[in-house]
Novice: 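Have a look at this one before I ask anything.
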Amino acid sequence: MSSNAEVASILYEIAEILTIKNDRFRSRAYQQAAQRITSLTEDVKKIRENGTLEDIPGIGKSISATIIEILDYGQSTILEELKESLPKGVQELMELEGIGPRIAMKFVTELKIVNIDQLEQAAKEGKIRDLRGFGEKKEANILQSIKDYKNRQTRFLLGSILPVVDEMVLWMKGSSSVNKIEVAGSFRRKKETVGDLDLLVASNNVDESSERFISMPPIERIVSHGPTRSTVYLKGHLQVDCRIIKPEAYGAALQYFTGSKEHNVKLRTIGVKLGYKLNEYGLFNRENDELVASETEEEIYNLLGMDWIPPELRENRGEIEAALERRLPHLIGYNEVKGDLHLHTNWSDGTASIFEMVEAAKSYGLKYIAICDHSKSLAIAHGLDEDRLSKQGKEIDKINKKLDDFKVLKGIECDIKADGNLDFPKSVLKDLDFVVASIHSGFKNDEKTMTERIISAIHNDHVSTIGHPTGRIIQKRSPYQLNLEKVMEAAAQQKVGLEINGFPDRLDLDDISTRKAKELGVKLSIGSDAHAPSQINFLKLGISVARRGWLEYNDVINTKF
DNA sequence: GCCGTTTTCGGCCCGACTGTTTTCAGTCG
């Protein structure tokens, strides 16, 4: 774990316990500090060495001391004391939907329940309903929550829920009451994983739209259902919150439900200072409750004294300050990437021919693709040796002759071997148009070894970009031990790109590293890593990461050509 | 715990839904 992640996770833990203890404002202070640390592109160790920790907004004397303690000793006295003071079991019980700090405390102190199993037992025996403020319904809800807890998946890959979203939107559009519809929340911000979906509907007939929503086919269970807001679980335990509003409040609602929470809190704080109140119905004059703006997001942001902020940036990572000072980046557009610089065919482990991939790329609107099949070391993926690579090159020549206004580049995803050398000699690589150099073995080596291995590849004259630079698989495999900053410095100096791999469970580099790469002067290549024609769509996910990493047109290699 | 073109002390974002209660606390987003 990087020191930034380590520090942030301890600060978050402190914040969590403070919330349980109902110390709201201190909790928020720690939470904000943790969030700042998470979104830093600089190493917190370095900032500490420079003695400028307290220059970070939200970090003062006390939290700064805590950070130093964490960096020096890997732990925090404050956290240890807080943990000590918290009755055993409270945190575990709070994992359940519908159980917050108050109820968890009540169970622990009044019923001596210290874990979920004991709670289940008590609920089944009907012991919960006798507590003050409880009844049979709450008891039944607890049993349901325990059931959900036992088979819940925490977060879903952004790329994996695209079909569900399409299906949902299509269903809702089948009702004439639906005026506008959009999935807001982390889906609209294009976070790499989403916990639930926030469906926003502008409706001419609220009741009809609401009924339409809860009669959607893939619904497994309705959790709550009111006139403006409903929550359901779809099959597979994906939670969907639907909010239904009047068309004239669409902008305000969209802004509100897109979040992030931290972004919105900051925005509303700015609103308060300007004499406004901001909620999902609009921006209001605080004095007389008069509506000032609600139809579009732009009006609201503008009245708050700033430029409209693209959803992908709304994480309170400095975007509000930038918008106030009118210096937001002009983000790379979803249609500005002209080629896919990393995809596979049935020459290695892809499912489709070169020509089929070309057809898919053309219908996606691309002007070129680089065929980057695996190299010989990756035998499991049927990697190409020199002979087959040369044959593939001839086939590409043939295909190019037939193509008009589209070009197929000869490429390779070449393994970086354990010693840092590439799988092919320079004499082979020099004839290729695009070389992605990637690591597919020896993930467990130490930081120094891995860093040197990649830097050695960066110094190979024929390497164009480093593929999936950290090797992480979301929710499955951590990044390699790597000094990413050194890798980035080398890449910048050698003018070698780093990849944003768009495959749903990779998205590697991630948003924060992407932003750091940009700051260090590295150019990024975006590749879908498609292994089938339909997967060229993953390019979009890569572009989302680029946008979340504040990239502009000129930061990305494949906007050109 | 942090912060200050109103403040170094006194604030700190805002509303919907549920289940219990009979006016509201708790949870969630």
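Please read all numbers here as calculations on a predicted model, not as lab measurements. Residue numbering restarts at 1 for every chain, and letters A, B, ... go by the order of the sequence lines.
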Novice: Classify A:Ile59 by what it touches in the nucleic acid, base, sugar-phosphate, or nothing, heavy-atom distance under 4.0 Å.
Specialist: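 Result for A:Ile59 = sugar-phosphate.
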Novice: With rounding to whole Å, what would you report as the distance between B:dC28 and B:dT22 at their P atoms?
Specialist: 24 Å
Novice: What residue among A:Thr38, A:Ile70, A:Thr66 forms side chain to side chain contact (heavy atoms under 4.5 Å, CB included) with A:Val7?
Specialist: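 With A:Val7 as partner, side chain to side chain contact (heavy atoms under 4.5 Å, CB included) holds for just one option, A:Ile70.
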Novice: Is the shortest distance from a Lys or Arg side-chain nitrogen in A:Lys83 or A:Glu13 to a carboxylate oxygen in the other one below 4.0 Å?
Specialist: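 Here A:Lys83 pairs with A:Glu13 in a salt bridge, since their nearest N and O are under 4.0 Å apart.
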Novice: When the P atoms of B:dC13 and B:dC17 are compared, how many Å lie between them, rounded to an integer?
Specialist: 23 Å
Novice: Give a yes/no answer on whether the side chain of A:Lys277 brings an N or O atom under 4.0 Å of OP1 or OP2 in B:dG15.
Specialist: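 Checking A:Lys277 against B:dG15: at least one side-chain N or O falls below 4.0 Å of OP1 or OP2.
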Novice: Is any side-chain N of the basic residue among A:Arg48 and A:Asp43 closer than 4.0 Å to the acidic one's carboxylate O?
Specialist: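 No, A:Arg48 and A:Asp43 are not salt-bridged.
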Novice: Roughly how many Å apart are B:dT20 and B:dT27, using the C1' atom of each and rounding to a whole number?
Specialist: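 Nearest-Å result for B:dT27 against B:dT20 at atom C1': 14 Å.
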Novice: Over how many whole Å does the gap from A:Tyr281 atom OH to B:dG15 atom P extend?
Specialist: 9 Å
Novice: Charged N to carboxylate O below 4.0 Å: is that the case for A:Glu262 and A:Lys266?
Specialist: no
Novice: List, with names and distances, any nitrogen or oxygen atoms from the protein found under 3.5 Å away from nitrogen or oxygen atoms belonging to nucleotides 10-12 of chain B.
Specialist:
from: B:dC12; atom 1: O3'; to: A:Arg28; atom 2: NH1; distance (Å): 3.2

Novice: Side chain of A:Asp196, heavy atoms from C-beta onward: which of B:dG29, B:dC17, B:dG19 has the nearest atom to it?
Specialist: B:dG29
Novice: Counting any heavy atom closer than 4.0 Å, what does A:Gln31 reach on the DNA or RNA strands: base, sugar-phosphate only, or nothing?
Specialist: nothing
Novice: Please work out if A:Arg243 contacts a base, only the sugar-phosphate, or nothing of the nucleic acid, heavy-atom cut-off 4.0 Å.
Specialist: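 Sugar-phosphate contact only - A:Arg243 comes under 4.0 Å of backbone atoms but never of a base.
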Novice: Any carboxylate oxygen within less than 4.0 angstrom of a Lys/Arg side-chain nitrogen, looking at A:Arg229 and A:Asp241?
Specialist: no
Novice: Give one of base, sugar-phosphate or nothing for A:Leu278, where a contact means two heavy atoms less than 4.0 Å apart.
Specialist: sugar-phosphate
Novice: May I ask which nucleotide in the shown strands pairs with B:dT8, Watson-Crick or G-U wobble, both distances under 3.5 Å?
Specialist: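 B:dT8 is paired with nothing.
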Novice: Please determine whether a side-chain nitrogen of the Lys or Arg among A:Arg548 and A:Glu312 lies less than 4.0 Å from a carboxylate oxygen of the Asp or Glu.
Specialist: no
Novice: Taking B:dT5 as the reference, what is the distance to B:dG19 when you measure between their C1' atoms (whole Å, please)?
Specialist: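 Approximately 47 Å lies between the C1' atom of B:dG19 and that of B:dT5.
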Novice: Can you name the nearest heavy-atom pair linking A:Leu328 to A:Pro310, along with the distance?
Specialist: CD1-CD, 4.4 Å
Novice: Base, sugar-phosphate, or nothing: which does A:Glu139 touch, judged by heavy atoms less than 4.0 Å apart?
Specialist: nothing
Novice: Between B:dC9 and B:dA16, how far apart are the C1' atoms? Round to whole Å, please.
Specialist: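 B:dA16 and B:dC9 have their C1' atoms separated by 34 Å.
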Novice: Determine the Euclidean distance between corresponding C1' atoms of B:dC2 and B:dT7; express it in Å to zero decimal places.
Specialist: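 After rounding to an integer number of Å, I get 13 Å for this pair.
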